[in-house]
**Student:** 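Can you read through this structure? Questions will come right after.
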Number of protein chains: 2
Amino acid sequence: MIEGTTADETAEGTHTCCESPGDIDTDAVATDLRLLTAMGNDTRYELLRRIANAGDGVCVCDLEAAVGVSQSAVSQALSRLYSAGLVTRRKEGSWRYYEPTETAAALLETLDDLRGSRA
Amino acid sequence: MIEGTTADETAEGTHTCCESPGDIDTDAVATDLRLLTAMGNDTRYELLRRIANAGDGVCVCDLEAAVGVSQSAVSQALSRLYSAGLVTRRKEGSWRYYEPTETAAALLETLDDLRGSRA
DNA sequence: GAAACGTATTAGAATCTGCTTGTATAAGCT
DNA sequence: AGCTTATACAAGCAGATTCTAATACGTTTC
């Protein structure tokens, strides 16, 4: 849906205002969208922020208390963050600790910077 | 749903693995989520990329041909990008030209960098 | 003014999301 | 082994999204 323009480039239309913008790499789009949609949800965003703030590993049990949804919902949210590459997880005994990836740190930092400069 | 922890901090639970992570600024969350959800959609992401690539103003008519959805859908998508602060728009005759904001440029650049470093 | 074009708005249908509830798995404790 | 705790998985449902079609609006051109 991205690479090849489905519509006929040489269409008979009367458009003459400007030329068509270039195409975009499909894989890149998929990757970016996975990141953006993973972060673009109240619960997941907040979980990620908390994980990032804590820095050195937060366990699910504490996150659960903080976001106001069920244990199951937290688990699902964390899975999603994990498969998007925004957090790593490590098992320790019966607990599981989550940590932010560099990707997450970079994106959150950009968002913070933008807010700071009110851009 | 963010600032105050709804669950009782001193609950009778047996959690002892780690302490609760700090809270997050509500407005910041809202702003970030508006950006993330605006970009986190195939159509809108692709439109934004194309607008950013073109740099100096693309009109709706050409974007339309590129993304494979109806004119109406493109218009709605652009409105959403606009109200999220990701693009500016300027009217010129009966055409409307869109340009990326610094916010959009910064976010896209971060995404590009991340992809580059495979982080 | 009327017709044609570029864009926006509205309304409704189809699809997607994110939650809850219930259950499963795995580890620790007695 | 049995019970409890920590986390994951599965199914189902309510509400949110996102598209299309139809229509409205503003400009340009005849």
Side-chain angles (χ1 to χ4, degrees), chain A residues 1 6-7 11-18 20 33-34 36-48 51 57-84 87-99, chain B residues 1-2 6-7 11-18 20 30 33-34 36-48 51 57-84 87-99:
Chain A
M1 196 199 266
T6 42
E12 77 295 335
T14 47
H15 293 321
T16 44
C17 51
C18 40
S20 117
L33 279 177
R34 218 173 317 119
L36 293 167
T37 57
M39 289 182 70
N41 163 265
D42 204 356
T43 299
R44 290 191 299 267
Y45 176 92
E46 209 187 320
L47 287 173
L48 185 59
I51 291 169
V58 194
C59 78
V60 182
C61 55
D62 286 320
L63 293 168
E64 228 176 293
V67 293
V69 294
S70 72
Q71 175 268 318
S72 176
V74 172
S75 179
Q76 290 172 63
L78 291 171
S79 280
R80 180 89 183 265
L81 291 174
Y82 175 73
S83 57
V87 297
T88 61
R89 56 184 172 192
R90 125 182 81 91
K91 203 167 185 176
E92 202 157 302
S94 62
W95 284 288
R96 220 186 243 278
Y97 289 89
Y98 284 84
E99 286 179 63
Chain B
M1 194 195 271
I2 278 120
T6 42
E12 76 296 331
T14 47
H15 293 323
T16 43
C17 53
C18 42
S20 118
L33 279 178
R34 216 176 315 119
L36 293 167
T37 58
M39 288 182 71
N41 165 265
D42 204 358
T43 301
R44 289 191 300 266
Y45 176 92
E46 210 186 320
L47 287 172
L48 185 58
I51 291 169
V58 194
C59 78
V60 182
C61 53
D62 286 320
L63 293 169
E64 224 174 296
V67 292
V69 293
S70 70
Q71 175 268 319
S72 176
V74 171
S75 180
Q76 292 172 64
L78 291 171
S79 280
R80 179 90 182 267
L81 290 174
Y82 175 73
S83 55
V87 298
T88 59
R89 58 183 170 193
R90 123 182 82 91
K91 202 168 187 176
E92 202 158 302
S94 62
W95 284 289
R96 218 185 244 279
Y97 289 90
Y98 284 83
E99 287 180 62

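We name chains A, B, ... by the order of the sequence lines, and we start the count at 1 in each one. Please read these numbers as outputs of a predicted model, since none were measured by experiment.
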**Student:** Give the B/S/- string for nucleotides 24-30 of chain C, one per nucleotide from 5' to 3', where a protein heavy atom under 4.0 Å of the base yields B, of only the sugar-phosphate yields S, and otherwise -.
**Tutor:** ---SS--
**Student:** Before giving the answer on side chain to side chain contact (heavy atoms under 4.5 Å, CB included), spell out for B:Gln76 and B:Thr43 the whole-Å C-alpha distance, their side-chain angles and the decisive distance to 0.1 Å.
**Tutor:** CA-CA 10 Å; B:Gln76 292 172 64; B:Thr43 301; over 6 Å; no
**Student:** Nearest heavy-atom pair of A:Gly40 and B:Leu36: which atoms, and what distance?
**Tutor:**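 In terms of heavy atoms, the two residues are closest at CA-CB, 3.8 Å.
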**Student:** How many Å lie between CG on A:Leu47 and P on D:dT7, as a whole number?
**Tutor:** 13 Å
**Student:** Please identify each residue that fulfils side-chain contact (heavy atoms from CB on, under 4.5 Å) with A:Leu33, with sequence neighbours left out.
**Tutor:**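 If we apply the side-chain contact (heavy atoms from CB on, under 4.5 Å) test to A:Leu33, skipping adjacent residues, the hits are A:Val29, B:Asp42, B:Tyr45.
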**Student:** Is there a side chain to side chain contact (heavy atoms under 4.5 Å, CB included) between B:Val87 and B:Leu78 once you walk through the steps?
**Tutor:** CA-CA 8 Å; B:Val87 298; B:Leu78 291 171; 5.5 Å; no
**Student:** side-chain contact (heavy atoms from CB on, under 4.5 Å) with A:Ser70: which residues, sequence neighbours excluded?
**Tutor:**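 Result, side-chain contact (heavy atoms from CB on, under 4.5 Å) vs A:Ser70: A:Ser72, A:Ala73.
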**Student:** Calculate the interatomic distance between A:Arg89 atom CZ and D:dT7 atom P; express it in whole Å.
**Tutor:** 12 Å
**Student:** Output one letter per nucleotide in nucleotides 18-24 of chain D: B when a protein non-hydrogen atom lies under 4.0 Å from the base, S when only the sugar-phosphate is that close, - when neither is.
**Tutor:** SBBBB--
**Student:** How long is the line joining CD of B:Glu64 and C1' of C:dA8, in whole Å?
**Tutor:** 12 Å
**Student:** Could I get the full list of side-chain hydrogen bond (donor to acceptor under 3.5 Å, both in side chains) partners for B:Ser75, not counting sequence neighbours?
**Tutor:**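 side-chain hydrogen bond (donor to acceptor under 3.5 Å, both in side chains) list for B:Ser75, sorted by chain: empty.
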**Student:** Write down the distance between CH2 (A:Trp95) and C1' (D:dT7), rounded to a whole number of angstrom.
**Tutor:**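 Interatomic distance, CH2 of A:Trp95 to C1' of D:dT7: 12 Å.
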**Student:** Atom CG of A:Leu33 to atom P of C:dT17: distance rounded to whole Å?
**Tutor:** 11 Å
**Student:** Should B:Arg96 be listed as having a side-chain N or O under 4.0 Å from OP1 or OP2 of C:dA8?
**Tutor:** yes
**Student:** Atom CZ in A:Arg34, atom CZ in A:Arg80: separation rounded to 0.5 Å?
**Tutor:** 10.0 Å
**Student:** Just jot down the side-chain contact (heavy atoms from CB on, under 4.5 Å) partners of B:Thr88, sequence neighbours excluded, or say none.
**Tutor:**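 B:Thr88 satisfies side-chain contact (heavy atoms from CB on, under 4.5 Å) with B:Glu99, B:Thr101 only.
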**Student:** Test of understanding: with side-chain hydrogen bond (donor to acceptor under 3.5 Å, both in side chains), list the residues that count as partners of B:Arg96, not counting sequence neighbours.
**Tutor:**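 None.
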**Student:** If you fit an axis to the five pairs at each end of the helix from C:dG1-D:dC30 to C:dT30-D:dA1, how big is the angle between those two axes, to 10 degrees?
**Tutor:** 20°
**Student:** Could you tell me which residues satisfy side-chain hydrogen bond (donor to acceptor under 3.5 Å, both in side chains) with A:Arg89, sequence neighbours excluded, listed by chain and number?
**Tutor:** A:Tyr98
**Student:** So, A:Arg44 side chain and A:Ala38 main chain: donor-acceptor pair closer than 3.5 Å or not?
**Tutor:**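 A pair under 3.5 Å: yes.
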**Student:** Can you tell me how far P of D:dT17 sits from CG of B:Leu36, to the nearest Å?
**Tutor:** 14 Å
